[in-house]
K.L.:
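After the structure tokens below, expect a handful of questions from me.
Basis for what follows: all heavy atoms, side chains included, without hydrogens, waters or symmetry-related copies. Atoms within each ligand, like the ligands themselves, are counted from 1 in listed order.
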Amino acid sequence: MEMEEVDCPLCEGSKGKPLHREGSFQMVRCPLCQFVFLNPRPTRDSLFHFYQTYLPEEESSIESWEKMIKSVFHRAANLLKQYRRNGRLLDVGTGFGFFLAEMKKRGWEVMGVEISPKGIDYGRNVLELAIHPGPLEKAAFPDDYFDAVTGFYVIEHLPHPIAFLKECYRVLKPGGLLLLRYPHTTPIKNLLKLLGIKNCLYDLPAHLSDFSPKMIQGCLEKVGFGKCQHLIGGYTLPYDLGKRTASIFFGSLSEVLFYLSLRKILLPGVSKTIFAFKMEKA
Ligand SMILES: [Zn+2]
């Protein structure tokens, strides 16, 4: 894989200071804005090739994938319903298209963007969905076009997260809603390092960055989004029993803490969902 050294993807002010290593990959922290990112990271071309084979092909793996993520999609669909009953929805990095299929069933007009050929093929031919081969910027959707844009486990894969958020903002109608689901791994990495436990939790080089809730909300607000609201939003059910048990335990624990604390405590280290709105112009 061809790698390149980059400046901080958020503030461009530093190449970052070493934070954690996984094999030959290194996560760094920007001393200026505290953003955690992979540096050096794969070049654009390397990333493109990497995603050509990122999703599994066998029917059984696709089924496990669906089982793993289903409850998160279900929760997200119910959360969305609190704000919008239906409308036009775009899911970026839609994978096989399972979330779109769920939303279509619920009466939404749906569209997806996906760069993995296996995902595109499955979404189009098996689930009969409209999938653009991406990336999002190339789809050139009109301004103010969607009522909702969603991105599940996408932002941590992107070399230019701010450009992505700006594009989401542009294609959303005023009052439209953005839902992002993202992992937050650094607190667990810090803990495991203290305990001397080796792990590959960052999932490098697939993940190019690791957003904290504060960091992601700051980026959304900078781009123009408002009324940002964090939620735990359920947990995934990985096929591996150990991972599944951990996911259920920490997912449930974080959910209980969140509600007991009256929506104040967001347990560090677990995946989270954030809602944000494109504010109507005064
Ligand atoms: Zn920075």
K.L.:
Can Arg88 be said to sit on top of Tyr145's aromatic six-ring, NZ or CZ under 6.0 Å from centre and within 45° of the ring axis?
P.N.:
yes
K.L.:
Using the rule that Ile, Leu, Val, Met, Phe, Trp and Tyr join whenever any side-chain heavy atoms are under 4.5 Å apart, tell me whether Ile188 and Leu204 fall into a single cluster.
P.N.:
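As far as the 4.5 Å side-chain criterion goes, Leu204 and Ile188 are not connected within one cluster.
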K.L.:
For Ala276 and Leu220, which heavy atoms make the closest approach, and how far apart are they?
P.N.:
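Here Ala276 and Leu220 meet closest at CB-CD1, 4.1 Å.
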K.L.:
Tell me, please, which residues at least two apart from Ala148 pass side-chain contact (heavy atoms from CB on, under 4.5 Å).
P.N.:
Leu80, Leu89, Trp108, Leu177
K.L.:
Take the Zn ion (ligand 1) and tell me which protein N, O or S atoms are nearer than 2.8 Å.
P.N.:
Cys8 SG, Cys11 SG, Cys30 SG, Cys33 SG
K.L.:
Does any donor atom in the side chain of Asn78 or Arg106 lie under 3.5 Å from an acceptor atom in the other side chain?
P.N.:
yes
K.L.:
Angle class for the Phe96/Phe98 ring planes (parallel below 30°, perpendicular above 60°, tilted otherwise)?
P.N.:
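Because their plane-to-plane angle lies in the 30° to 60° range, the rings of Phe96 and Phe98 count as tilted.
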